[in-house]
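Below is one structure, written out as structure tokens; comments come after it.
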2 protein chains.
Amino acid sequence: MKQISSRFSIAVHILSLVAVTPDPCTGDYLAGSVNTNPVIIRRITGMLKKAGLIDVRPGVGGATLRVSPDDITLLMVFKAVQAASEGELFHFHDNPNPDCPIGGNIEALLRAEMRAAQEAFEARLASVTLRKLLEGFKPHLGAELRVP
Amino acid sequence: MKQISSRFSIAVHILSLVAVTPDPCTGDYLAGSVNTNPVIIRRITGMLKKAGLIDVRPGVGGATLRVSPDDITLLMVFKAVQAASEGELFHFHDNPNPDCPIGGNIEALLRAEMRAAQEAFEARLASVTLRKLLEGFKPHLGAELRVP
DNA sequence: TTTAGTTGTAACCAATATGGTTATAACATA
DNA sequence: TATGTTATAACCATATTGGTTACAACTAAA
């Protein structure tokens with residue numbers, strides 16, 4: 001199966017690092033931590049910026065949080081980073097035969113179940129804020145952690 | 001975003017049709033209802049067969065349910081049809097830098113959240129049986145419906 | 001003003017998954 | 001044996017993804 005793009009985990013990584021770092025984070029710095037190409041980072045920071053989650057300063061460089069870690073949920077990150085396909089997790093097969101007793105009726109019913117499953121998925125992501133996630137770091141980082 | 005393969009919706013369509021049809025369903029018949037190529041159908045019935053959900057008779061032809069519609073959940077279908085990638089919905093980015101304060105710690109925490117979201121998703125799919133889905137047809141089909 | 005470092009994009013590329021198609025072997029029954 | 005079916009291999013076109021190079025635009029400091 002084709003999995004959900006690693007853009008999501010990278011985006012959470014970026015936001016966590018930006019939240020914890022006192023100074024603005026440059027793309028190259030982020031790329032070093034995530035361990036990927038700076039352009040990948042810029043593509044994702046661009047999406048996060050467009051979603052209003054971060055500020056990125058062109059020219060001088062550096063990204064900073066635009067929203068409090070209390071108000072950023074994993075679902076917001078997920079949506080910010082997906083962008084396409086109407087945000088639908090499932091793909092329904094095209095044009096089932098309407099003359100068939102099932103084909104004509106299954107679509108609405110199954111679609112409703114798919115939507116319900118996606119909603120359960122999204123509700124769980126929505127229940128976790130960036131702050132809550134970062135709390136988990138504290139035991140490891142001690143005083144180093146600096147979340148506004 | 002890359003969506004979940006339509007194999008899932010096709011598989012549910014197939015199982016519904018097999019459950020409702022008194023006689024064994026041939027691949028060509030199923031292909032006509034789903035509106036796709038018979039080979040696509042055979043690929044999917046092969047997966048459903050391997051998962052123990054249906055019987056398919058080579059040579060003579062025709063698929064029948066091997067398990068009661070009460071005991072087939074959408075999650076079973078989902079898993080039967082995905083097969084690959086360890087059943088993991090999310091893809092975590094590779095090798096975050098362990099020297100970074102976040103990179104070294106984020107993985108386990110975020111992975112746990114991803115797993116929780118996937119579990120919520122799967123729990124919802126597990127709560128719906130094929131029978132329950134087929135109940136929804138009744139108003140439309142009336143006496144035509146024939147579920148064992 | 002010039003320079004250096006950065007962000008923002010465009011343009012590719014390789015790898016992979018997907019849905020589709022054709023062809024052929026294996027199979028079971030009349 | 002003949003017929004219709006399933007099983008499977010071998011392709012193909014398309015799309016997404018992660019990666020890369022290249023270059024324009026931008027900002028601040030020298």
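In the text below, chain A, chain B and the rest are named by the order of the sequence lines, each starting its count at 1.
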B/Q118 vs B/E122, side-chain contact (heavy atoms from CB on, under 4.5 Å): CA-CA, chis, key distance, verdict: CA-CA 6 Å; B/Q118 179 169 350; B/E122 294 187 349; 3.0 Å; yes
Whole angstrom is fine here: how far is it from [atom1] in [X] over to [atom2] in [N]?
X	N	atom1	atom2	result
A/N37	D/dT17	CG	P	17 Å
A/Q82	D/dT16	CD	P	13 Å
B/I41	D/dT6	CD1	P	10 Å
A/F8	D/dG18	CZ	C1'	18 Å
A/F90	C/dT18	CZ	C1'	17 Å
B/Q3	D/dT16	CD	C1'	12 Å
B/M47	D/dT6	CE	C1'	15 Å

Under-4.0 Å side-chain N/O to phosphate OP1/OP2 contact, A/T36 with D/dG19: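 Yes, A/T36 has a side-chain N/O under 4.0 Å of OP1/OP2 on D/dG19.
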Does C/dT18 have its OP1 or OP2 closer than 4.0 Å to a side-chain nitrogen or oxygen of B/S6? no
Flag side-chain contact, heavy atom, 4.5 Å: A/P24 against A/T64: yes
Nearest 0.5 Å please: distance from the [atom1] atom of [X] over to the [atom2] atom of [Y].
X	Y	atom1	atom2	value
B/R7	B/L48	CZ	CG	11.0 Å
A/E88	A/R111	CD	CZ	8.0 Å
B/C100	A/H13	SG	NE2	4.5 Å

Scoring nucleotides 5-16 of chain C by protein non-hydrogen atoms under 4.0 Å (B base, S sugar-phosphate only, - none) yields BBBBBBB-----
Is the distance between the ring centroids of A/F121 and A/F90 under 6.0 Å?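 Ring centres of A/F121 and A/F90 not closer than 6.0 Å.
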